[in-house]
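The structure appears right after this line, and notes come after that.
Throughout, numbering of the chain's residues begins at 1 and tracks the sequence. Everything numeric in this text was worked out from a predicted model, so none of it was measured.
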Amino acid sequence: TKDLEEHSSPGTFGPLAPVIQLRLAGEKRKHYEGRVEVFYNGEWGTVCDDDFSIYAAQVVCRELGFIDAVSWVPSAKFGKGEGRIWLDNVHCSGGEKSLAQCESNGFGVSDCKHSEDVGVVCNQKRIPGFKFIRNQVEDVRIRATYSHRKRVPITEGFLEVKDGGKWRQICNKEWTEMNSRVTCGMYGFPGEKPFNPRPYKLLAKRRKKNYWGFSVNCTGNEADLSDCKLGREIQLKGNDTCSKGMPVVVSCLPGRAFAPSVSIGFSKAYRVEQPLVRLRGGAMIGEGRVEVLKNGEWGTVCDDNWNIRAATVVCRELGFGSAKEALTGARLGQGIGPVHMNEVECSGFEKSLTECYFNRDSLGCSHEEDAAVRCNVPAMGFRNRLRLGGGRNPYEGRVEVLAERNGSLVWGAVCSDSWGTMEAMVVCRQLGLGFASHAFQETWYWQGDSSADSVVMSGVRCSGTELTLDQCLHHGKHVDCPRGGGRFAAGVSCTQTAPDLVLNAQVVEQTTYLEDRPMYALQCAHEEHCLATSANKADSSSYRRLLRFSSQIHNNGQSDFRPRAAHHSWIWHECHRHYHSMEVFTHYDLLSLNGTKVAEGHKASFCLEDTQCDEGIQKRYECANFGAQGITVGCWDTYRHDIDCQWIDITDVKPGDYILQVVINPNYEVAESDYTNNIMKCRSRYDGHRIWTYNCHIGETMSL
């Protein structure tokens with residue numbers, strides 16, 4: 001398969017055609033009909049109906065394991081798909097073995113819309129002896145008939161496949177650990193583990209058996225059981241005893257984040273180590289841009305050759321299952337810093353992405369090519385313990401949680417005291433609704449369920465990394481909420497995309513300098529609290545020493561950064577001669593090497609606008625004439641070093657070594673996809689006359 005992928009090109013004929021997978025999806029009633037979807041280059045996409053024919057439908061159906069096509073249907077009859085439209089103007093003779101061998105415009109070359117997605121209806125009879133599971137079974141499940149563990153994912157049980165509308169067991173005589181590994185991966189678990197077979201043998205004796213007629217042959221690096229090959233066909237008669245075997249049982253090992261808090265024998269599997277790989281910018285649990293730690297610095301992975309096998313290594317390394325998708329083209333936002341890895345090639349059995357072969361030369365790779373993943377995660381039932389009530393749509397409403405009161409489970413409200421963006425982020429993630437758009441401390445306009453008016457949760461404080469709201473700090477069963485619930489209950493609104501602000505550290509490093517400025521020229525700045533408090537008693541003829549620098553703030557996210565405050569609440573700033581939409585947008589501080597503030601710094605307020613944009617992106621926001629404020633995706637806002645208040649007053653600072661720190665959106669007033677890149681630190685050396693600023697970088701860590 002690897003050779004085929006490397007030597008293929010779009011539209012080629014014969015055995016060197018690209019390797020693809022097909023499926024029938026959409027709004028359908030039968031398993032042998034649906035919208036044609038193609039899995040190529042790590043992504044599912046659709047096929048345009050232009051020039052499609054019954055011959056192309058025949059190729060699709062046979063590739064899916066059906067004997068023939070009955071018909072094809074244009075104009076998204078089975079519903080509009082999402083993502084890429086992989087193929088357009090497909091011409092097949094009918095004799096091709098794969099749709100990839102048919103002539104077309106090439107993969108990804110299309111002028112169609114999803115309203116033109118093509119569908120097919122296949123003959124429901126299957127090709128005898130067809131060799132891939134994905135075309136043989138309709139569904140797979142782990143039936144957790146036996147479990148003695150509480151509050152653990154459904155991790156163990158009989159494995160069953162659905163074929164011909166019926167659930168069937170698999171004989172375990174030829175079942176392997178590699179098969180279990182793949183099965184666990186598709187259910188969100190990084191690996192398999194031993195189990196006690198005795199209770200299952202007892203259950204198997206009492207249950208009526210309905211075995212599937214094939215064995216399964218996985219190599220272990222497949223992302224899904226449907227990618228495995230079928231083994232030999234098993235001849236079964238009546239109530240066959242599986243040659244003195246029993247139905248297959250699969251037992252999976254949950255990742256660290258999903259393991260129960262009490263020890264149940266997994267402790268040895270979890271050694272706390274410095275992570276080498278992380279995900280950033282994803283809206284859901286188990287998805288994000290892939291970032292790698294190298295020489296103390298986080299960087300990204302170039303998407304050249306990025307595929308589902310490498311993505312699965314990342315997912316398993318992070319405690320998830322196999323990968324659902326390998327995403328390219330910075331689909332989950334652009335990173336910052338170096339590109340550490342390029343042309344990654346994995347076998348699928350590596351413990352870490354860093355063990356895979358890769359090209360260390362990332363020349364030609366930009367952050368527009370940052371690789372990302374979507375992983376299979378366990379079905380934890382998180383969404384069953386939380387809901388939004390009274391909203392105009394499923395993405396907003398009053399937060400209602402399921403809590404135990406007097407021995408029974410009841411729905412109730414959450415106290416809005418201290419409720420903010422971080423808490424809202426956890427709620428939206430837990431419900432699978434993406435990022436938080438807003439956190440609300442009053443929800444009188446959302447009429448939730450009246451039986452859930454009572455406050456059952458208070459004092460909630462989240463770091464933003466929790467998987468569920470009840471993992472955040474809170475008061476427990478002793479609720480303390482002076483304002484009560486009702487109109488003051490906590491609420492959220494969620495969104496699938498979010499901005500991501502990043503300060504250009506290089507610009508700060510290159511523009512830092514000192515200026516001695518007389519007090520009489522600083523009256524406006526003094527009134528706006530841009531000077532140290534010692535300036536309050538300073539003579540008008542005295543001077544203040546100002547550490548000046550420029551701020552260039554980029555929006556690398558997937559939606560525009562917009563201020564939360566409405567136009568009518570913006571504040572006019574005389575120094576800058578325009579309205580500021582965010583009173584606290586950045587913190588400027590000078591710190592000692594142990595992190596203590598040595599200059600008072602100040603909280604800078606900004607007018608937000610698009611100073612410049614990447615090529616092809618239009619400016620949307622400007623401060624002049626009370627215009628709309630914000631930062632467009634792909635644009636940046638620059639506050640030049642010569643603007644009033646674009647400084648730190650270091651008049652009272654003694655010579656020494658310090659850290660210059662800038663934090664964007666410090667109060668999390670506006671939700672972002674990633675807050676870890678909102679802080680910038682630089683080393684600074686001040687000799688009493690001059691200052692040197694160096695080693696500026698984004699993130700919390702700093703090499704001293």
Is atom [atom1] of [X] surrounded by more than 12 heavy atoms (other residues, nucleotides or ligands) closer than 6.0 Å?
X: Phe382; atom1: CZ; answer: yes
X: Lys597; atom1: NZ; answer: no
X: Asn536; atom1: CG; answer: yes
X: Trp444; atom1: CH2; answer: no

For [X], ring-ring contact (aromatic ring centres under 6.0 Å, His included) partners two or more places apart:
X: Phe488; value: none
X: Tyr658; value: none
X: Trp419; value: none
X: His554; value: Trp636

Does any non-hydrogen side-chain atom of [Y] lie less than 4.5 Å from one of [X]?
X: Val301; Y: Val339; answer: no
X: Ser550; Y: Val508; answer: no
X: Val401; Y: Val414; answer: yes
X: Gln471; Y: Thr468; answer: yes
X: Leu608; Y: Tyr621; answer: no

Donor-acceptor contacts under 3.5 Å from residues 497-506 side chains, at least two apart:
{"from": "Asp500", "atom 1": "OD1", "to": "Asn677", "atom 2": "ND2", "distance (Å)": "3.2"}
{"from": "Asp500", "atom 1": "OD2", "to": "Asn677", "atom 2": "ND2", "distance (Å)": "3.1"}
{"from": "Asn504", "atom 1": "OD1", "to": "Gln506", "atom 2": "N", "distance (Å)": "3.1"}
{"from": "Asn504", "atom 1": "OD1", "to": "Val507", "atom 2": "N", "distance (Å)": "3.1"}
{"from": "Asn504", "atom 1": "ND2", "to": "Gln552", "atom 2": "OE1", "distance (Å)": "3.1"}

Would you give the length of the straight line joining atom [atom1] of [X] to atom [atom2] of [Y], rounded to the nearest 0.5 angstrom?
X: Arg383; Y: Leu386; atom1: CZ; atom2: CG; value: 11.0 Å
X: Arg544; Y: Thr651; atom1: CZ; atom2: OG1; value: 3.5 Å
X: Cys462; Y: Met422; atom1: SG; atom2: CE; value: 9.5 Å
X: Glu515; Y: Asp642; atom1: CD; atom2: CG; value: 9.5 Å
X: Glu368; Y: Thr328; atom1: CD; atom2: OG1; value: 12.5 Å
X: Arg545; Y: Asp516; atom1: CZ; atom2: CG; value: 4.0 Å

Can you see which heavy atom on [X] is nearest to which on [Y], and at what distance?
X: Glu400; Y: Arg398; answer: OE2-NH2, 2.8 Å
X: Leu660; Y: Ser684; answer: CB-OG, 3.8 Å
X: Arg392; Y: Trp446; answer: N-NE1, 4.4 Å
X: Asp649; Y: Ala599; answer: O-CB, 3.8 Å
X: Thr354; Y: Met341; answer: CA-CE, 4.4 Å

Pair Arg385-Asp470, salt bridge (charged side-chain N to carboxylate O under 4.0 Å, His left out): steps then yes or no: CA-CA 9 Å; Arg385 308 200 296 268; Asp470 58 11; 3.7 Å; yes
Could you tell me if [Y] and [X] have a donor-acceptor pair between their side chains, going purely by distance under 3.5 Å?
X: Arg548; Y: Thr511; answer: no
X: Thr512; Y: Glu509; answer: no
X: His475; Y: Ser458; answer: yes

Report the residues that fulfil side chain to side chain donor-acceptor pair (under 3.5 Å) with Tyr675, sequence neighbours left out, ordered by chain and then residue number. none
Mind checking side chain to side chain donor-acceptor pair (under 3.5 Å) for Asp304 and listing every partner two or more places apart, or none if nothing turns up? none
Does Gln430 reach the main-chain N or O of Leu469 with its side chain, forming a donor-acceptor pair under 3.5 Å? yes
Residues pairing under salt bridge (Lys or Arg N to Asp or Glu O under 4.0 Å) where one sits in residues 619-630, two or more places apart or in two chains, turn out to be Asp560-Arg620
Listing request: all salt bridge (Lys or Arg N to Asp or Glu O under 4.0 Å) pairs with a residue in residues 421-446, at least two apart in sequence or in separate chains. Glu442-Arg487
Would Arg483 and Asp417 pass as an ion pair if we require N to O under 4.0 Å? yes
Where do Ser352 and Glu317 land on the side-chain hydrogen bond (donor to acceptor under 3.5 Å, both in side chains) test, with the steps shown first? CA-CA 6 Å; Ser352 171; Glu317 177 179 2; 2.8 Å; yes
Option from Leu547, Thr693, Val598, Val653 for which side-chain contact (heavy atoms from CB on, under 4.5 Å) with Tyr686 holds: Val653
Show your working on side-chain hydrogen bond (donor to acceptor under 3.5 Å, both in side chains) between Ser551 and Gln646 and close with a plain yes or no. CA-CA 8 Å; Ser551 292; Gln646 189 59 34; 2.8 Å; yes
Solution key, residues 611-618 side-chain donor-acceptor pairs under 3.5 Å, sequence neighbours excluded:
{"from": "Thr611", "atom 1": "OG1", "to": "Asp637", "atom 2": "OD1", "distance (Å)": "3.3"}
{"from": "Thr611", "atom 1": "OG1", "to": "Thr638", "atom 2": "N", "distance (Å)": "2.9"}

Which residues pass the side-chain contact (heavy atoms from CB on, under 4.5 Å) test with Ser418, not counting sequence neighbours? Arg461
Using the ring of each side chain (for Trp, its six-membered ring), is Tyr588 parallel, tilted or perpendicular to Phe549, with breaks at 30° and 60°? perpendicular
So the side-chain hydrogen bond (donor to acceptor under 3.5 Å, both in side chains) pairs with at least one residue in residues 275-286 (sequence neighbours excluded) are Arg278-Glu291, Arg280-Thr676
